[in-house]
Amino acid sequence: QFASERLVDNPQVVRYAVYRDGMALKSASPRLRDDEDIVRIAVSKCGPALEFASPRLRDCDEIVALAVNNSQSAALLASDRLQEVMQCASDVSVMRLNCLTAE
């Protein structure tokens, strides 16, 4: 929280921090919040860390899938586009389930 600008923009320091606690992504520089490897580590440890990822990575299928796999609530932190995709997939699953149970 009180780390210097130099530390929050140091990939090795931030990688270690998010490995220990995914929510440390909150303190990372904007540049590192857009680093796929660092964000992948963070959301694998703590799905809700997706909130602090760059908009580009909140729209990345792989990153969002890792976050949601860790915590279902992370789906609400994905881009609008991916939230819509997930909602459509959910609706299709419900329709399939309804068809199977009606038989």
Side-chain angles (χ1 to χ4, degrees):
Q1 181 179 19
F2 299 103
S4 74
E5 286 184 35
R6 195 174 87 240
L7 291 177
V8 299
D9 197 47
N10 181 310
Q12 291 84 8
V13 170
V14 172
R15 187 172 287 113
Y16 178 77
V18 299
Y19 180 78
R20 303 256 319 174
D21 177 7
M23 292 303 278
L25 187 62
K26 179 180 183 175
S27 299
S29 69
R31 179 178 77 93
L32 295 181
R33 289 179 183 203
D34 192 51
D35 181 291
E36 289 183 31
D37 292 330
I38 288 173
V39 173
R40 190 177 290 115
I41 294 166
V43 300
S44 293
K45 293 287 181 176
C46 179
L50 184 63
E51 175 181 1
F52 306 111
S54 69
R56 177 181 77 88
L57 295 181
R58 288 197 316 266
D59 192 53
C60 173
D61 297 354
E62 179 192 352
I63 297 291
V64 171
L66 286 170
V68 171
N69 189 49
N70 178 275
S71 172
Q72 291 284 320
S73 65
L76 299 173
L77 303 168
S79 68
D80 290 343
R81 179 186 74 83
L82 287 181
Q83 286 186 37
E84 193 172 304
V85 167
M86 288 183 279
Q87 182 60 50
C88 288
S90 176
D91 291 347
V92 167
S93 295
V94 168
M95 289 187 320
R96 285 184 185 153
L97 181 60
N98 287 340
C99 287
L100 291 173
T101 57
E103 292 177 353

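What you see below is based on every heavy atom in this structure, not just the backbone, and it leaves out hydrogens, waters and symmetry mates.
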*Which atom of Ala49 lies closest to which atom of Gly22, heavy atoms considered*: CB-O, 3.4 Å

*Please name all residues satisfying side chain to side chain donor-acceptor pair (under 3.5 Å) with Arg6, sequence neighbours left out, ordered by chain then number.*
none

*Nearest heavy-atom pair of Asp61 and Leu82: which atoms, and what distance?*
OD1-CD2, 3.1 Å

*Got a sec, which residues hit side-chain contact (heavy atoms from CB on, under 4.5 Å) with Asn70, two or more places apart in sequence or on another chain?*
Pro48

*Tell me, please, which residues at least two apart from Arg33 pass side-chain contact (heavy atoms from CB on, under 4.5 Å).*
Leu25, Lys26, Ala28, Phe52

*Of all heavy-atom pairs between Asp37 and Asp35, which one has the smallest distance, and what is that distance?*
N-OD1, 3.0 Å

*Who pairs with Asp80 by salt bridge (Lys or Arg N to Asp or Glu O under 4.0 Å), at least two apart in sequence or on another chain?*
none

*Residues in side chain to side chain donor-acceptor pair (under 3.5 Å) with Asp21, at least two apart?*
none

_Just so I know, are the side chains of Leu50 and Ile63 near enough to count as touching, which here means a heavy-atom distance under 4.5 Å?_
yes

*Quick one: list whatever passes side-chain contact (heavy atoms from CB on, under 4.5 Å) with Val68, sequence neighbours left out.*
Val64, Gln72, Ala74, Ala75, Met86

_Listed partners of Arg31 passing side chain to side chain donor-acceptor pair (under 3.5 Å), at least two apart_ = Asp9

*List for me each residue that meets side-chain contact (heavy atoms from CB on, under 4.5 Å) alongside Asn69, sequence neighbours excluded, and say none if there are none.*
none

*asked:* Could you measure the distance from the CZ atom of Arg58 to the CG atom of Asp34? Nearest 0.5 Å is fine.
replied: 10.5 Å

*Only counting residues at least two apart or in another chain, list the ones meeting side chain to side chain donor-acceptor pair (under 3.5 Å) with Glu62.*
Arg40

*Closest non-hydrogen atom pair, Ala78 against Gln83*: O-NE2, 2.8 Å

*For Leu32, the option from Ile38, Asn10, Val39, Val8 that meets side-chain contact (heavy atoms from CB on, under 4.5 Å)*: Ile38

*Does the Glu51 side chain pair with the main chain of Leu77, one donor and one acceptor, at a distance under 3.5 Å?*
no

